[in-house]
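Presented below is the structure to which this report refers.
Keep in mind that the numbers below use all heavy atoms, side chains included, and drop hydrogens, waters and symmetry copies. First listed ligand is number 1; within each ligand, the first listed atom is number 1.
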Amino acid sequence: MSIEKYIQQFSHLRTDINRNRWTPATYYHAPHKPFLLLSVLDLFAQGFLQTNFISIGPELGDLFAHYWGIGIMENRRGNLALPFFHLRSSAFWHLIPQDGKEAALLATRQIDTLSQLQALILGASLDEELFQSLKVEETRNVLRTILIETYFGPVHHSALLNQGAVNIKAYLYSQHLIKKVHEQIREDPGEGDQYQAIIRDQGFRRAVVRVYDHRCALCGVRMLTTEGHSVVDAAHIIPWSVSHNDDLGNGMALCCLCHWTFDEGMVGISPKYTILLSAELRTSLNFPGIC
Ligand SMILES: [Zn+2]
């Protein structure tokens, strides 16, 4: 099976080229499509794509956000909907319409949000030949290198390669943490010490956020952005600095506000997982709507 055709297509993505909008870091190209394809390669490496169907879920959204957040794209927000839709200009990327939306999808020229996109499509599939090829690590490595070297300046190559490696190791760590819960393996404080902090942090967050379904454990709000990634934090109930314990029983997903109140000691969690409110928070002046 030859991947020459896909090397050619990956190195000739149609991207926005604009010297005012983009920087030399990306050779003045919009980085959305390369970041999306790097994220798809990571999904393959994690064994996430067992069938030829790429959904627009938080798994993909979070990977895309990690690439976007490594420091190349200063002061700009990434929007997964844009490359997911516009990658249809590449012959290997096939959008799968929602039932009855075939004509609407064909007629659509512009997408701004993920919800607009999800109203039109179920997801995307790849050429079957490419799908089979990407199950092979060597092929993924070749195409990863093509994407990085074609669309990003040399100073960013190692950071991009490193992010791919971190994404995979963090995923494996998150799976390990979830498996420990299912198999009721006793906590082993300190085992996380063997991992790099960036892998441990990302893996712990990934596992906690998944178990809590992206919902804050205290206020119950689900926090998936319109760009498609989760913005809940993963907090340790007993801080890592004290416990060195990443077991999911010592973790909870929190929105930014609840995380702040937790860190400030205004809200706590009892050993029986009930919510404790500090006396400070219970003073009448701190109730909502009282001023
Ligand atoms: Zn909250």
Side-chain angles (χ1 to χ4, degrees), residues 39 55-70 75-81 113-116 118 166-167 170-171 173-178 180-182 187 189 192 197-291:
S39 305
S55 65
I56 324 166
E59 289 292 339
L60 183 63
D62 279 350
L63 289 169
F64 183 79
H66 283 311
Y67 281 110
W68 197 278
I70 64 175
N75 305 320
R76 291 190 73 97
R77 290 173 62 120
N79 184 346
L80 177 63
T113 67
L114 217 53
S115 52
Q116 282 178 355
Q118 287 170 317
V166 166
N167 287 343
Y171 171 75
Y173 185 52
S174 74
Q175 292 300 100
H176 169 68
L177 294 175
I178 292 170
K180 279 173 71 177
V181 174
H182 289 307
E187 65 179 49
I198 188 172
I199 292 167
R200 199 181 53 69
D201 288 347
Q202 189 177 315
F204 176 72
R205 178 182 181 276
R206 217 175 151 144
V208 168
V209 163
R210 180 174 162 194
V211 166
Y212 279 84
D213 191 27
H214 314 278
R215 200 175 290 284
C216 176
L218 296 184
C219 69
V221 174
R222 196 161 188 255
M223 303 287 285
L224 278 174
T225 68
T226 52
E227 287 98 13
H229 64 275
S230 175
V231 288
V232 283
D233 298 334
H236 291 88
I237 296 173
I238 303 174
W240 167 263
S241 59
V242 175
S243 65
H244 285 229
N245 181 5
D246 273 345
D247 280 3
L248 297 189
N250 189 37
M252 59 181 172
L254 294 178
C255 72
C256 290
L257 180 57
C258 290
H259 199 168
W260 179 80
T261 56
F262 182 74
D263 283 350
E264 289 294 314
M266 299 173 90
V267 176
I269 304 295
S270 78
K272 293 184 176 177
Y273 295 98
T274 56
I275 298 173
L276 306 170
L277 300 182
S278 74
E280 183 183 355
L281 195 65
R282 278 184 284 174
T283 59
S284 59
L285 283 176
N286 283 332
F287 285 160
I290 297 176
C291 44

Check: What pairs of residues pass the ring pair (Phe, Tyr, Trp, His ring centres under 6.0 Å) test when at least one of them lies in residues 253-283, not counting sequence neighbours?
Finding: none
Note to self: I'd like to check the side chain to side chain contact (heavy atoms under 4.5 Å, CB included) partners of Ser115; sequence neighbours left out, ordered by chain and number.
What the structure shows: Thr113
Checklist line | Inter-residue atom distance Leu80.CG - Ile56.CD1, 0.5 Å rounding | finding: 7.5 Å
Note to self: Measuring only between side-chain heavy atoms, which start at C-beta, is Val209 closer than 4.5 Å to Ser230?
What the structure shows: yes
Next item on the list: If a pair satisfies salt bridge (charged side-chain N to carboxylate O under 4.0 Å, His left out) and one of its residues is in residues 209-224, list it, with sequence neighbours excluded.
Entry: Asp213-Arg222
Note to self: Using only atom types and a distance under 3.5 Å, with no angle test, would you say the side chain of Asn250 pairs donor to acceptor with the backbone of His236?
What the structure shows: no
Margin query: Taking 2.8 Å as the limit, list every protein N, O or S atom around the Zn ion (ligand 1), by chain and residue number.
Written below: Cys216 SG, Cys219 SG, Cys255 SG, Cys258 SG
